[in-house]
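Worksheet: the structure to be examined is printed underneath.
Counting begins at 1 with the first residue of the sequence. We count ligands from 1, going down the list as the structure has it; atoms in each ligand are counted the same way. Below, all heavy atoms of this structure are taken into account, side chains as well, without hydrogens, waters or symmetry copies.
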Amino acid sequence: MSIDTNLEKINDIIHDTCTRVSRNPKEVTVVAVTKHVDVKTAEEVIRSGVTNLGENRADAFLEKYEYLGKQAIWHFIGTLQSRKVKDVIDKIDYLHSMDRISLAKEINKRAEKKLKCFVQVKTSDEETKQGILQKDVLPFVKEIGKYEKIEVVGLMTMAPFTADEEKIRSCFVALKKCQEEVQDLALDYAPCTELSMGMSNDYPIAIEEGATYIRLGTSLVGQ
Ligand SMILES: *Cc1c(COP(=O)(O)O)cnc(C)c1O
(Lines give C-alpha, C1' and ligand atoms only; values in the text may rest on other atoms or scores of the structure.)
Protein backbone atom coordinates (compact mmCIF):
# COMPACT_ATOMS: atom_id res chain seq x y z
CA MET A 1 0.00 0.00 0.00
CA SER A 2 1.24 3.46 -0.78
CA ILE A 3 1.21 6.21 1.78
CA ASP A 4 -1.22 8.21 -0.34
CA THR A 5 -3.67 5.28 -0.43
CA ASN A 6 -3.35 4.70 3.31
CA LEU A 7 -3.86 8.39 3.98
CA GLU A 8 -6.96 8.49 1.84
CA LYS A 9 -8.48 5.65 3.88
CA ILE A 10 -7.50 7.26 7.17
CA ASN A 11 -8.97 10.61 6.13
CA ASP A 12 -12.23 8.86 5.19
CA ILE A 13 -12.40 7.19 8.60
CA ILE A 14 -11.62 10.47 10.39
CA HIS A 15 -14.29 12.21 8.38
CA ASP A 16 -16.94 9.51 8.96
CA THR A 17 -16.18 9.25 12.66
CA CYS A 18 -16.33 13.01 13.14
CA THR A 19 -19.63 13.18 11.26
CA ARG A 20 -21.06 10.47 13.51
CA VAL A 21 -20.24 12.39 16.71
CA SER A 22 -20.79 15.89 15.31
CA ARG A 23 -17.17 16.97 15.38
CA ASN A 24 -15.27 18.99 12.79
CA PRO A 25 -12.53 16.83 11.17
CA LYS A 26 -10.30 19.92 11.25
CA GLU A 27 -10.06 19.44 15.03
CA VAL A 28 -8.14 16.20 14.50
CA THR A 29 -4.45 16.36 13.57
CA VAL A 30 -2.67 13.28 12.28
CA VAL A 31 0.82 12.76 13.67
CA ALA A 32 2.65 10.30 11.43
CA VAL A 33 4.75 8.05 13.63
CA THR A 34 7.86 7.39 11.57
CA LYS A 35 9.84 5.46 14.20
CA HIS A 36 9.87 2.26 12.13
CA VAL A 37 10.68 3.79 8.75
CA ASP A 38 13.67 5.50 7.18
CA VAL A 39 14.24 9.14 6.32
CA LYS A 40 13.15 8.70 2.72
CA THR A 41 9.79 7.30 3.78
CA ALA A 42 9.39 10.11 6.28
CA GLU A 43 10.03 12.54 3.43
CA GLU A 44 7.32 10.80 1.40
CA VAL A 45 4.91 11.26 4.30
CA ILE A 46 5.60 15.00 4.25
CA ARG A 47 5.05 15.07 0.50
CA SER A 48 1.69 13.33 0.97
CA GLY A 49 0.64 16.35 3.04
CA VAL A 50 1.13 15.10 6.60
CA THR A 51 3.67 17.46 8.12
CA ASN A 52 3.39 16.43 11.77
CA LEU A 53 5.91 13.65 12.41
CA GLY A 54 6.40 11.66 15.62
CA GLU A 55 9.53 9.90 16.81
CA ASN A 56 10.15 8.08 20.07
CA ARG A 57 13.93 7.85 20.31
CA ALA A 58 16.37 10.74 20.47
CA ASP A 59 18.96 9.23 18.13
CA ALA A 60 16.47 8.29 15.42
CA PHE A 61 14.80 11.69 15.71
CA LEU A 62 18.09 13.53 15.30
CA GLU A 63 18.96 11.48 12.24
CA LYS A 64 15.69 12.46 10.55
CA TYR A 65 15.86 16.04 11.77
CA GLU A 66 19.28 16.49 10.25
CA TYR A 67 17.87 15.65 6.86
CA LEU A 68 14.33 17.06 7.03
CA GLY A 69 14.77 19.89 9.56
CA LYS A 70 11.94 22.38 9.67
CA GLN A 71 9.99 20.77 6.82
CA ALA A 72 8.17 18.89 9.56
CA ILE A 73 6.50 19.77 12.85
CA TRP A 74 8.24 17.40 15.25
CA HIS A 75 6.51 15.48 18.01
CA PHE A 76 8.57 13.55 20.54
CA ILE A 77 6.30 10.73 21.68
CA GLY A 78 8.56 8.38 23.65
CA THR A 79 10.06 8.46 27.10
CA LEU A 80 12.68 11.21 27.07
CA GLN A 81 15.72 10.48 29.19
CA SER A 82 16.94 13.53 31.07
CA ARG A 83 20.45 13.22 29.66
CA LYS A 84 19.03 13.44 26.10
CA VAL A 85 17.05 16.62 26.77
CA LYS A 86 19.80 18.98 25.67
CA ASP A 87 20.16 17.21 22.32
CA VAL A 88 16.55 17.45 21.23
CA ILE A 89 14.86 20.20 23.18
CA ASP A 90 15.25 23.13 20.81
CA LYS A 91 14.49 21.02 17.76
CA ILE A 92 11.16 19.47 18.73
CA ASP A 93 7.84 21.31 18.60
CA TYR A 94 5.82 19.10 20.97
CA LEU A 95 6.68 16.68 23.75
CA HIS A 96 3.95 14.08 24.33
CA SER A 97 5.63 12.35 27.26
CA MET A 98 5.97 14.82 30.12
CA ASP A 99 5.84 12.33 32.98
CA ARG A 100 8.06 13.52 35.83
CA ILE A 101 9.16 16.70 37.59
CA SER A 102 12.86 15.93 37.07
CA LEU A 103 12.19 16.09 33.31
CA ALA A 104 10.40 19.44 33.63
CA LYS A 105 13.35 20.74 35.61
CA GLU A 106 15.91 19.62 33.04
CA ILE A 107 13.89 21.08 30.16
CA ASN A 108 13.54 24.34 32.05
CA LYS A 109 17.30 24.51 32.47
CA ARG A 110 18.15 23.68 28.85
CA ALA A 111 15.40 25.05 26.63
CA GLU A 112 15.81 28.39 24.89
CA LYS A 113 12.09 28.93 24.57
CA LYS A 114 8.79 27.58 25.84
CA LEU A 115 8.02 23.98 24.99
CA LYS A 116 4.54 22.68 24.25
CA CYS A 117 4.05 19.58 26.38
CA PHE A 118 1.43 16.91 26.84
CA VAL A 119 1.35 15.36 30.29
CA GLN A 120 1.35 11.60 29.79
CA VAL A 121 -1.29 9.90 31.90
CA LYS A 122 -1.47 6.21 32.74
CA THR A 123 -5.12 5.39 32.20
CA SER A 124 -4.81 1.61 32.02
CA ASP A 125 -3.52 -0.85 34.59
CA GLU A 126 -0.95 -2.32 32.20
CA GLU A 127 2.40 -2.37 33.97
CA THR A 128 4.23 -1.50 30.76
CA LYS A 129 2.43 1.79 30.21
CA GLN A 130 4.19 4.98 31.26
CA GLY A 131 2.67 8.06 32.74
CA ILE A 132 1.32 9.87 35.76
CA LEU A 133 -1.50 8.17 37.66
CA GLN A 134 -4.85 9.90 37.20
CA LYS A 135 -5.05 10.88 40.86
CA ASP A 136 -1.66 12.62 40.57
CA VAL A 137 -2.40 14.68 37.46
CA LEU A 138 -3.68 17.83 39.20
CA PRO A 139 -0.84 18.04 41.77
CA PHE A 140 1.63 17.37 38.93
CA VAL A 141 0.24 20.11 36.71
CA LYS A 142 0.27 22.57 39.62
CA GLU A 143 3.89 21.68 40.46
CA ILE A 144 4.93 22.23 36.84
CA GLY A 145 3.96 25.89 37.21
CA LYS A 146 7.39 26.43 38.80
CA TYR A 147 9.04 25.78 35.45
CA GLU A 148 8.24 28.71 33.21
CA LYS A 149 9.40 27.06 29.98
CA ILE A 150 6.80 24.30 30.20
CA GLU A 151 3.42 24.88 28.62
CA VAL A 152 0.84 22.15 29.22
CA VAL A 153 -1.06 22.15 25.93
CA GLY A 154 -2.81 18.88 26.68
CA LEU A 155 -2.77 15.33 27.96
CA MET A 156 -1.60 12.14 26.28
CA THR A 157 -2.37 8.50 26.90
CA MET A 158 -1.94 5.05 25.41
CA ALA A 159 -4.76 2.54 25.66
CA PRO A 160 -3.88 -1.14 26.12
CA PHE A 161 -3.45 -3.22 22.98
CA THR A 162 -6.61 -5.31 23.13
CA ALA A 163 -9.70 -6.17 21.10
CA ASP A 164 -11.87 -5.14 24.06
CA GLU A 165 -13.32 -1.85 22.82
CA GLU A 166 -14.84 -0.88 26.13
CA LYS A 167 -11.49 -1.23 27.88
CA ILE A 168 -9.93 1.04 25.27
CA ARG A 169 -12.76 3.54 25.42
CA SER A 170 -12.61 3.79 29.21
CA CYS A 171 -8.98 4.98 28.95
CA PHE A 172 -9.94 7.77 26.55
CA VAL A 173 -12.94 8.77 28.64
CA ALA A 174 -10.68 8.93 31.69
CA LEU A 175 -8.21 11.19 29.85
CA LYS A 176 -11.00 13.55 28.78
CA LYS A 177 -12.16 13.76 32.41
CA CYS A 178 -8.62 14.60 33.56
CA GLN A 179 -8.48 17.30 30.88
CA GLU A 180 -11.64 18.93 32.20
CA GLU A 181 -10.22 18.92 35.71
CA VAL A 182 -7.02 20.60 34.55
CA GLN A 183 -9.01 23.17 32.55
CA ASP A 184 -11.04 23.94 35.69
CA LEU A 185 -7.80 25.06 37.37
CA ALA A 186 -7.66 27.88 34.77
CA LEU A 187 -3.86 28.09 34.86
CA ASP A 188 -2.38 30.31 32.17
CA TYR A 189 0.54 27.92 31.55
CA ALA A 190 -1.83 24.92 31.26
CA PRO A 191 -4.64 25.67 28.79
CA CYS A 192 -4.83 21.89 28.21
CA THR A 193 -6.98 22.23 25.10
CA GLU A 194 -5.53 19.14 23.37
CA LEU A 195 -5.88 15.38 23.77
CA SER A 196 -3.21 13.15 22.22
CA MET A 197 -4.83 9.72 22.07
CA GLY A 198 -5.50 7.05 19.50
CA MET A 199 -3.12 4.86 17.50
CA SER A 200 -3.61 2.71 14.39
CA ASN A 201 -5.79 0.11 16.10
CA ASP A 202 -8.00 2.45 18.12
CA TYR A 203 -8.08 5.96 16.65
CA PRO A 204 -11.79 5.98 15.68
CA ILE A 205 -12.68 5.36 19.34
CA ALA A 206 -10.26 8.08 20.42
CA ILE A 207 -11.85 10.55 18.00
CA GLU A 208 -15.29 9.69 19.35
CA GLU A 209 -14.03 10.53 22.83
CA GLY A 210 -12.42 13.83 21.89
CA ALA A 211 -8.91 13.23 20.51
CA THR A 212 -7.33 16.25 18.81
CA TYR A 213 -4.00 14.55 17.95
CA ILE A 214 -3.93 10.94 16.78
CA ARG A 215 -0.59 9.15 16.46
CA LEU A 216 -0.52 6.78 13.50
CA GLY A 217 2.34 4.46 12.60
CA THR A 218 1.48 1.16 10.92
CA SER A 219 -1.82 2.25 9.35
CA LEU A 220 -0.10 5.13 7.57
CA VAL A 221 3.47 4.08 6.84
CA GLY A 222 3.27 0.28 7.16
CA GLN A 223 5.16 -2.10 9.44
C1 LIG B 1 4.56 3.54 18.02
C2 LIG B 1 3.69 4.51 18.68
C3 LIG B 1 2.50 4.94 18.06
C4 LIG B 1 2.01 4.41 16.72
O5 LIG B 1 1.59 3.10 16.83
P6 LIG B 1 0.82 2.36 15.61
O7 LIG B 1 0.07 1.28 16.31
O8 LIG B 1 1.87 1.86 14.70
O9 LIG B 1 -0.07 3.36 14.99
C10 LIG B 1 1.74 5.89 18.73
N11 LIG B 1 2.10 6.40 19.91
C12 LIG B 1 3.23 6.00 20.54
C13 LIG B 1 3.57 6.60 21.85
C14 LIG B 1 4.06 5.04 19.95
O15 LIG B 1 5.17 4.66 20.58
Side-chain angles (χ1 to χ4, degrees), residues 1-14 17 28-39 41-42 44-46 48 50-65 72-81 84 88 92-100 103 115-124 126-132 153-165 167-169 171-172 174-176 178 194-223:
M1 278 299 174
S2 77
I3 289 170
D4 286 333
T5 313
N6 292 341
L7 184 60
E8 226 171 276
K9 267 194 207 157
I10 289 165
N11 280 334
D12 282 349
I13 293 174
I14 293 172
T17 308
V28 181
T29 300
V30 172
V31 177
V33 177
T34 49
K35 67 187 180 193
H36 291 313
V37 299
D38 59 15
V39 172
T41 309
E44 243 183 89
V45 170
I46 295 172
S48 79
V50 177
T51 49
N52 287 269
L53 300 192
E55 283 286 328
N56 70 340
R57 287 184 40 239
D59 300 353
F61 159 68
L62 288 168
E63 201 187 309
K64 288 195 176 76
Y65 183 87
I73 299 165
W74 293 101
H75 298 254
F76 199 89
I77 61 171
T79 302
L80 181 56
Q81 292 170 285
K84 299 281 173 104
V88 306
I92 63 176
D93 298 288
Y94 292 88
L95 175 70
H96 288 240
S97 51
M98 173 53 68
D99 61 357
R100 57 196 194 278
L103 179 61
L115 181 67
K116 294 182 167 71
C117 295
F118 291 82
V119 171
Q120 184 167 354
V121 183
K122 183 174 149 76
T123 52
S124 76
E126 274 194 356
E127 278 312 311
T128 54
K129 294 285 185 276
Q130 307 282 336
I132 308 271
V153 296
L155 305 179
M156 180 273 220
T157 201
M158 288 171 82
F161 188 80
T162 167
D164 184 342
E165 271 200 20
K167 233 184 207 164
I168 293 171
R169 189 180 301 279
C171 293
F172 298 151
L175 196 69
K176 177 79 196 178
C178 281
E194 311 303 325
L195 287 176
S196 168
M197 56 190 196
M199 306 177 17
S200 291
N201 63 311
D202 58 20
Y203 70 92
I205 307 174
I207 292 170
E208 286 172 7
E209 300 305 335
T212 60
Y213 285 86
I214 56 177
R215 310 178 308 268
L216 304 181
T218 48
S219 60
L220 181 58
V221 296
Q223 303 285 349

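With hydrogens and angles left out, the side-chain atoms of Glu194 and Thr212 include a donor and acceptor closer than 3.5 Å.
Annotation: atom 11 (N) of ligand 1 to nearest protein heavy atom, Arg215 NE, 2.8 Å. For atom 9 (O) of ligand 1, the closest non-hydrogen atom on the protein side is Ser200 OG, 2.5 Å. Protein heavy atom in closest approach to atom 14 (C) of ligand 1: Lys35 NZ, 3.0 Å. When hydrogens are left out, the protein atom nearest atom 5 (O) of ligand 1 is Met199 CE, 3.5 Å; that is the closest non-hydrogen contact. With hydrogens left out, the protein atom closest to atom 8 (O) of ligand 1 is Thr218 N, 2.8 Å, a heavy atom.
With a 4.0 Å cut-off on non-hydrogen atoms, His36 does not touch ligand 1 at all. Both the backbone and the side chain of Ile77 come within 4.0 Å of ligand 1, counting heavy atoms alone.
No donor-acceptor pair under 3.5 Å is formed between the side chain of Thr157 and the backbone N or O of Met197. Listed for the Asp99 side chain is no donor-acceptor partner under 3.5 Å among the backbone atoms of Gly131.
Of the candidates Val30, Thr29, Val28, Ile77, Thr29 is the only one forming a side chain to side chain contact (heavy atoms under 4.5 Å, CB included) with Tyr213. Paired with Ser196 under the rule side chain to side chain contact (heavy atoms under 4.5 Å, CB included), one option of His75, Met158, Gln120, His96 passes, and it is His96.
Counted within 6.0 Å of CD on Glu208, heavy atoms from surrounding residues, nucleotides or ligands total more than 12; the atom is thus considered enclosed.
Close approach of ligand 1 to Leu216 (heavy-atom distance below 4.0 Å) involves ligand atoms 9 (O).
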